[in-house]
Amino acid sequence: MPLESFDPQLRANDFVQDLKWDEGLRARFVADEDAVLAGYDMTGAERAAIRERDFRALHDMGLHPYLLSQLARLVFGTGENAGSSTPATALLRSLLGDDYDRYVTSRG
Amino acid sequence: MAEITAAVAASHAPGLTGWFSKASEEDQRTVRRAYDGIREVLVAARPDVVLVVGNDHVANARLHDYPDFTFGLAERHRGPDEWFKPWLRVPDYDLPGAPDVAGRLLEALGDTGRRLRGARDNLRFDDNLSVPATLTGLADLGVAVVPVLQNCTVPPIPDQDDCYAFGRALADAIRDDLPAGLRVALLGSGGLSHEPGGPRYLEIDEKFDRWWLDLLVEGDHDRVLAEATLARMEEAGSGGTAELLSWVVVMGAIGPRPCESLGYVAFDQWRCGVGAVCWDLGDAPATATTGTV
């Protein structure tokens, strides 16, 4: 599944990079996500998927898997969750959807 | 005619510094011993410059305009990048660069067919440089560093044959284009199996990792290139395991040499198989023409 859908032209890739590279943008994103999303040139589908933390949809649109992990970290991995498994778990839950519980059980 | 005086490779992962102590004492000891081993090799080799080859993690270029290799030409290499600090929890570092060396190599490798770039400004470093710099104590060795950041994850990815060939060209450039007597160490930074951001994010392919290390110790580079392909790496964890291509660059540069595994740990919370190796360059300095591949 990873890299099969990857689209280097997808604007959301640039957006996640910009969030990583621009501390000011990151702060504005945390403070007023909707305004930042509205002001960034990308499709409505990309904006909606980011707003809804729908990593699976972003993956299928072509977001690079590594940047998926970084976006998960940005929205789920701050404060007490820094360095925890919370972002990875949230990402996996979205990627695997209905299969998530079965997957976790199978890992024991 | 400069010389390659050391060749080593080791994993990087944020867990190795950010949440190292979550692993068992035994696993921690194994990793410490492995990086101590890397440090000992570097100290004994008395390098003037260390080339650290590692995955760029899509941190320094847009994905629609992505180079194969980016040479750090800065006077100083500072890190880690701000974004990674809460994750890596390492002291800030400020390593001396070697702009002349990096610039000459970049120029000499211009006809390799790879997409090369040089960065005069400080690059954004994450665990690729920060973890080996911290765990081997690069800063207090006082040795100059040339970071060579690599595309391991953005298609089209230079595969194992491309990276081995690039390593051979790199060795030629070290021999022919760097000042006589300059001592160069090569450090491949990356791997082993992991799949950041993919459905197997929490998994490590221990079977693959042990097979890879055994293959390297066995030392047949023809077999490594035939069997440990980019596709095989992707099977063992997409978008992460292929960081082993940095080890392949080092192998291409030194040709077949005795290889020693310095240890291996598969601890799931690090989300990455962790291992390290060093190659014995023997009495004679390695050159690109010693390989049979």
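The chains referred to below are lettered A, B, ... by the order of the sequence lines, with proteins before strands, and numbering in each begins at 1.
Smallest separation of non-hydrogen atoms from A/Q70 and B/F84: OE1-CZ, 3.4 Å. In plain terms, the two heavy atoms of A/R107 and B/D268 that are nearest each other are NH2-OD2, 4.3 Å. Among all heavy-atom pairs drawn from B/P199 and A/L96, the shortest one is CB-CD2, 3.9 Å. For the pair B/P196 and A/S69, the tightest heavy-atom approach, listed with the atom from each and the gap, is C-CB, 4.5 Å. Of all heavy-atom pairs spanning A/L3 and B/S238, the tightest one is CD1-OG, 3.9 Å.
In this structure, the salt bridge (charged side-chain N to carboxylate O under 4.0 Å, His left out) partners of B/D68, at least two apart in sequence or on a different chain, are B/R114.
Between chain B and the options A/A72, A/P8, A/P87, heavy-atom pairs under 4.5 Å are most frequent for A/P8.
Residues of residues 17-38 of chain A lying under 4.5 angstrom from chain B, judged on non-hydrogen atoms, are A/Q17, A/D18, A/K20, A/W21, A/E23, A/R26 in numerical order.
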Open item on the list: Could you go through A/Y66 and B/E195, starting from their C-alpha distance and side-chain angles, then the distance that decides it, and tell me whether this counts as side chain to side chain contact (heavy atoms under 4.5 Å, CB included)?
Closed with: CA-CA 9 Å; A/Y66 187 82; B/E195 185 169 290; over 6 Å; no
- [ ] For side chain to side chain contact (heavy atoms under 4.5 Å, CB included), just list the numbers for B/H64 and A/D14, CA-CA rounded to whole Å, side-chain angles, deciding distance to a tenth of an Å, and then say yes or no.
- [x] CA-CA 9 Å; B/H64 48 79; A/D14 300 329; 3.8 Å; yes
Open item on the list: For A/T89 and B/Y201: C-alpha separation, side-chain torsions, deciding distance, then whether side chain to side chain contact (heavy atoms under 4.5 Å, CB included) applies.
Closed with: CA-CA 9 Å; A/T89 304; B/Y201 202 175; over 6 Å; no
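When the shell of 6.0 Å around CG of B/D121 is examined, it contains 12 or fewer heavy atoms from other residues, nucleotides or ligands. Heavy atoms of other residues, nucleotides or ligands lying less than 6.0 angstrom from CZ of B/R120 number 12 at most.
Looking at B/N55, neither its backbone nor its side chain comes within 4.5 Å of chain A, counting heavy atoms on both sides. Within the 4.5 angstrom heavy-atom criterion, atoms from both the backbone and the side chain of A/L74 approach chain B. Proximity to chain A (any heavy atom under 4.5 Å) is restricted, for B/R124, to the side chain, taken from C-beta onward. With a threshold of 4.5 angstrom between heavy atoms, B/L202 approaches chain A through its backbone and through its side chain. No part of B/Q269 comes within reach of chain A, as not one of its non-hydrogen atoms sits under 4.5 angstrom from that chain.
Remark: B/R200 fails to qualify as a cation-pi partner of A/Y103 under the 6.0 Å distance and 45° angle criteria applied to the six-membered ring.
Separation of atoms CG (B/L63) and CG (A/L67) is listed at 6.0 Å; rounding is to 0.5 Å.
Side-chain N or O atoms of A/H64 include one that pairs as donor or acceptor with a backbone N or O of B/T153 at under 3.5 Å.
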